[in-house]
S.K.: 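I am attaching a structure below and will ask some questions about it afterwards.
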Protein chains: 2
Amino acid sequence: MKKFCLVIFTCCSLAAFAQKQDYPIQPVTFTNVKLTDRFWNQRIETNRTVTIPASFARCESTGRVKNFQMAAERQGKFCTTYPFDDTDIYKTIEGASYSLALHPDKKLDHYVDSMITIIGNAQEPDGYLYTARTIDPLHVGPWLGKQRWEKEQENSHELYNAGHMYEGAAAHFLATGKRNFLNIALKNADLLVRTFGPGKRHVAPGHQVVEMGLVKLYRITGKKEYLDLAKFFIDERGHKEYNKKSKIVTENGVYWQDDKPVIDQTEAEGHAVRAMYLYSGMADVAALTGDKQYLAAIDKIWNNMVGKKMYVQGSIGAVGDGERFGDNYELPNATAYNETCAAIGNVFWNQRMFLLHGESKYIDVLEKTLYNGLISGVGLDGKSFFYTNAMQIHDNFNHPDIERERAGWFTCSCCPTNVVRLMPSIPGYIYAQNGRDIYVNLFISGTGDMKVNNKDLKITQQNNYPWDGGLAFTIDPASSMDLNLKIRIPGWAQNQAIPSDLYSYQTPVNQKVEIKLNGKAINYQIEKGYAVISRKWKKGDKVEMNLPMNVQRVIANDKLPDDAGKIALQRGPIMYCAEWKDNDGKAGNIIIPQNTTFTTAYEPTLLNGVTVLKADVKSVNIDEAAQTVTTQNKTLTAIPYYCWANRGKGEMTVWFPEQVKYIELIAR
Amino acid sequence: MKKFCLVIFTCCSLAAFAQKQDYPIQPVTFTNVKLTDRFWNQRIETNRTVTIPASFARCESTGRVKNFQMAAERQGKFCTTYPFDDTDIYKTIEGASYSLALHPDKKLDHYVDSMITIIGNAQEPDGYLYTARTIDPLHVGPWLGKQRWEKEQENSHELYNAGHMYEGAAAHFLATGKRNFLNIALKNADLLVRTFGPGKRHVAPGHQVVEMGLVKLYRITGKKEYLDLAKFFIDERGHKEYNKKSKIVTENGVYWQDDKPVIDQTEAEGHAVRAMYLYSGMADVAALTGDKQYLAAIDKIWNNMVGKKMYVQGSIGAVGDGERFGDNYELPNATAYNETCAAIGNVFWNQRMFLLHGESKYIDVLEKTLYNGLISGVGLDGKSFFYTNAMQIHDNFNHPDIERERAGWFTCSCCPTNVVRLMPSIPGYIYAQNGRDIYVNLFISGTGDMKVNNKDLKITQQNNYPWDGGLAFTIDPASSMDLNLKIRIPGWAQNQAIPSDLYSYQTPVNQKVEIKLNGKAINYQIEKGYAVISRKWKKGDKVEMNLPMNVQRVIANDKLPDDAGKIALQRGPIMYCAEWKDNDGKAGNIIIPQNTTFTTAYEPTLLNGVTVLKADVKSVNIDEAAQTVTTQNKTLTAIPYYCWANRGKGEMTVWFPEQVKYIELIAR
């Protein structure tokens, strides 16, 4: 491990401490963070032991691997549905690489190498790697142009495949130190550099991700052409002179954030996953080039998304038709789409926004997404997935977009393989550093190792988060050192449900979080959402605090008609829902009156261990004969939203009417 | 009058009987139709005595006339809000002209002439006429480009003003035989001919109407350049090479039907009024040029609109943001926009579709719109107007787009002045002719004079439509003649609520309408929706029939969630609604159970005389204390939708739940 860590550390440190411009704040890379945390360890372990093997197995059984083998032999017929199916292998390798760094595994290591060999064999001599064309260039499917990249702006996804290849290769190199996958990626990237750019070929990538991928190759190699090409691809958006005739582009401009130049874009719009990848790529390029216009644009877009287009449990992309953002305040419950990939992309983007600005609001959004609308995308079994994440399941309402149970795999399986790569990277989101400013963003038990002026610093967290609010941090510098320890005080602990007026708490409680240093309460300032403790720290210094874990009634902005007269339930970072299973077979009939008191109980055997909420509430019943609606007393049991639909199919709701008049007797 | 009629007749006959291509069917022009009909005469008389004078008075008091006077002096400051305010004068003159043809009025005639003089003075030497620029070309508002027509494709409306000028001038010439307004229009049109076209300036008009206007000038003058220019403007849509940089155009392509060439358009999309004017213009040009591609496109678009985007009372343009068509089946009740101008445009378009195809389904849509969602746009007082036409008014639901009462005038006053010109033109929609095929489309008492082979033919209608189904037609040829009399049998009289599966009748009754000829029942064929009676007709032949006037429960397609479990009420062509005023202060609490029996009663003093529906139904009541919903018996009184909101503000609904579970306890 140490060797890998060193490799990684050197690489990151290059980016972090070299003279050239970069994010002012640098994350403490996941390989320098060891988790003891129960909540996340069990998920990461399930990902390692179940999800990754299942993912590779499905890449083989569905023909995704065979596509590469046929491409190597230049014969056969592309045997899966989408030309971007190649990416599922790249993304699974990316996840496997993270996993290998945390948990060496010779067998997996060799298997990954064998996959990389198969991938390499499919690469054409000039570096082009895209099985759907290479297998039989003369008989390509409807998604492909007759020539390379001809339909890139529409839906060939040639550059999308490349981007995921780069991300996988970069992760594999950083985790293992091996160059076998990296070299394949660089050879492909060099082809793109030769092909695209000013005076060369122009295109706005149809599905973004190549921009982030190129930046990762740039960070590893320092080859400026990769960064320039990433910026070129981004700047191509919103300029259509070169393909006047391509009607679909004009029609779908907004769909792929191509309706205007990125620096003129002000709203989160179009296909949500493409949007997240674009904004993340813009953040990377802005950090590395100091581009102020990019910065201004993504700041505006972020405010629009968080202020007008985000669900209460952190999901985005409300509309199924186009897998896209809706209009401002278009957040329907019955038909919420909420692609899992979009939640993952939202984590990527908010991490980058934090690294740019050092404000906790970005991590507030990241945490909300991570603990709720993202991990709901994978079942507790680690091998069942939601492509969409519903807000409401009603027995009498069916919609083709709404998934009531998780599936093992999808024809378009982007979400499962995105989960594969996201899960083991979680440790990389906990700590960050800017010289002597040490950021603690997430509350996950374990240790983080970093260097301050080349002196070691270890931070140890002990907590039972997200179930308990008690947090303990032990600071262990190699020797005493001046540090500004910046511990994030979550918005939800300061009466802010979300960094906007989209959602708020019905009964705010004002209590500044008390912080103890070595047992004694201290005064502290809050800067940009962080409790800042500046002092000379010595080995074993202990910081303790208690985040308020009361159940909070969340209400929505009046502009959200579906949520009118309703509340959502939050405790700590966790958003709750009611499922049929715990509530006499129904969830859409529950009323939670004002002044309801809640009790909480941690149930270790339920759903891998969750804290449930219980309360005496009302439920309605329709008397068909009398044509009346009556209310009865009932006991509500609410479970964390992320673990719904792990016990079969049935009604579920996130929003609860406070009075009978707000009940939807029929879901619409 | 006779002289005018001759003038008109000659003009129309030119179009009708000259060799050149045109609509196969020609309307019997409104000046050849005299009404004795109570329902329409009172409206046309109110329009003449109240609406037209009020409209002119408002054109003066708001500064619209002053704009022309300042333009004449080339000094001052444009003193209204929109550059297209000029059109309100053009449209009022158009309405006044129709009125003058039906009802000579020296005072009005002279006033119109004085207005035309004022308009003429504002015209620049080369024919340009657009007060917002002419007043002070160096200081134009945000809507205008620095140069003429520079922002036409965005929102300057220079060609929109021109189009309404042409329509007004054509009507004035046809009605009065005077050329004073016509000459102004022709001078302007000649400027357009010099300015726009292949090899000259290119633009897709931002707000269509100039296309229809040019066609009217072509019909009067026979000058082919006008027709060619109309086609040129239409064909410009969906081609953006010439204004790459104009970002707003790219963004808003769909908004103004400019996202693709018109012949590739398949859905009713974007701003509903612009759409109606475009499709009407396409129909005109298709008729005059035989363009099959236009025909194919508007046929597709019509099927999309009638099949997926039309409200049950005939309104269109569901979405306020953009005054546009929603997606397929996006027909919300709480926020329905339904601009009055769009209903008027829909009448224009469907009349033209009928003239092209000779099918009654177009008149079915026209009648539904005319008797319901269109005339709801004007109050019974003739001087209050709805810009939008709601489907539902709920005490607890407010939305900026939803008007609860009519207003006298609007900053953008397109709707009132569109009503002004539509109302007196109604007689022109009743009869049509194709040689010996005589079409009776609308059932409005009065006489229609036409010529068959230069022999006079008079048709007299006697009925009490829309309140009674009894229809009597007297056929008076100058001497016996062979005719195919084609009397429209409305879809609603044949179990077809609308020519699509969007709405249907819950309990179809199958009964072929009986037709008597001179007192004896006859067999007849139905062709394209018309009862065809072919024979040698002699003076005084009498045709009688009875259309079924039972109350029909209309249900919506399952794809309309807002209407699930609900019914609308129709009797004859009239759609009904319930208003707070007749129903104990509320309307949103009404349930109409299955098997409800209705009684009808004509109330001569209510709302200028209407047939109301009464029934014993249920209403729900929310018991806040018990948090229950109870149902009571209640008597429903439903009034025609078109006359809602004439007695103050309060709840109104068009759709009624059949069971308590379909009640919206709270409107959303």
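Proteins come first, then strands; the chains are lettered A, B, ... in the order of their sequence lines, and each starts at number 1.
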S.K.: How long is the span from the CG atom in B:L665 to the NE2 atom in B:H394, to the nearest 0.5 Å?
M.R.: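 Answer rounded to 0.5 Å: 8.5 Å.
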
S.K.: Could you give the distance from CD (B:E339) to CG (B:D401), rounded to the nearest 0.5 Å?
M.R.: 11.0 Å

S.K.: By a 4.5 Å heavy-atom criterion (distance strictly below it), what part of B:N396 contacts chain A: side chain, backbone, both, or neither?
M.R.: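 No part of B:N396 comes within 4.5 Å of chain A.
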
S.K.: Take B:E664 and B:K566 through the salt bridge (charged side-chain N to carboxylate O under 4.0 Å, His left out) test and state the conclusion after the steps.
M.R.: CA-CA 11 Å; B:E664 288 171 60; B:K566 299 179 183 170; 2.4 Å; yes

S.K.: So B:E323 and B:R274, salt bridge (charged side-chain N to carboxylate O under 4.0 Å, His left out) or not? Walk me through it.
M.R.: CA-CA 10 Å; B:E323 306 187 318; B:R274 297 175 203 234; over 6 Å; no

S.K.: Could you point out which residue of B:Q265, B:E269, B:H271, B:Q208 forms a side chain to side chain donor-acceptor pair (under 3.5 Å) with B:Q257?
M.R.: B:Q208

S.K.: For residues 619-631 of chain A, give me every residue with a non-hydrogen atom less than 4.5 Å from any non-hydrogen atom of chain B.
M.R.: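 A:I622, A:E624, A:A626, A:Q627, A:T628, A:V629, A:T630, A:T631, listed by number.
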
S.K.: When you look at B:E236 and B:Q153, which way does the side chain to side chain donor-acceptor pair (under 3.5 Å) test go after all the steps?
M.R.: CA-CA 11 Å; B:E236 280 293 287; B:Q153 179 126 11; over 6 Å; no

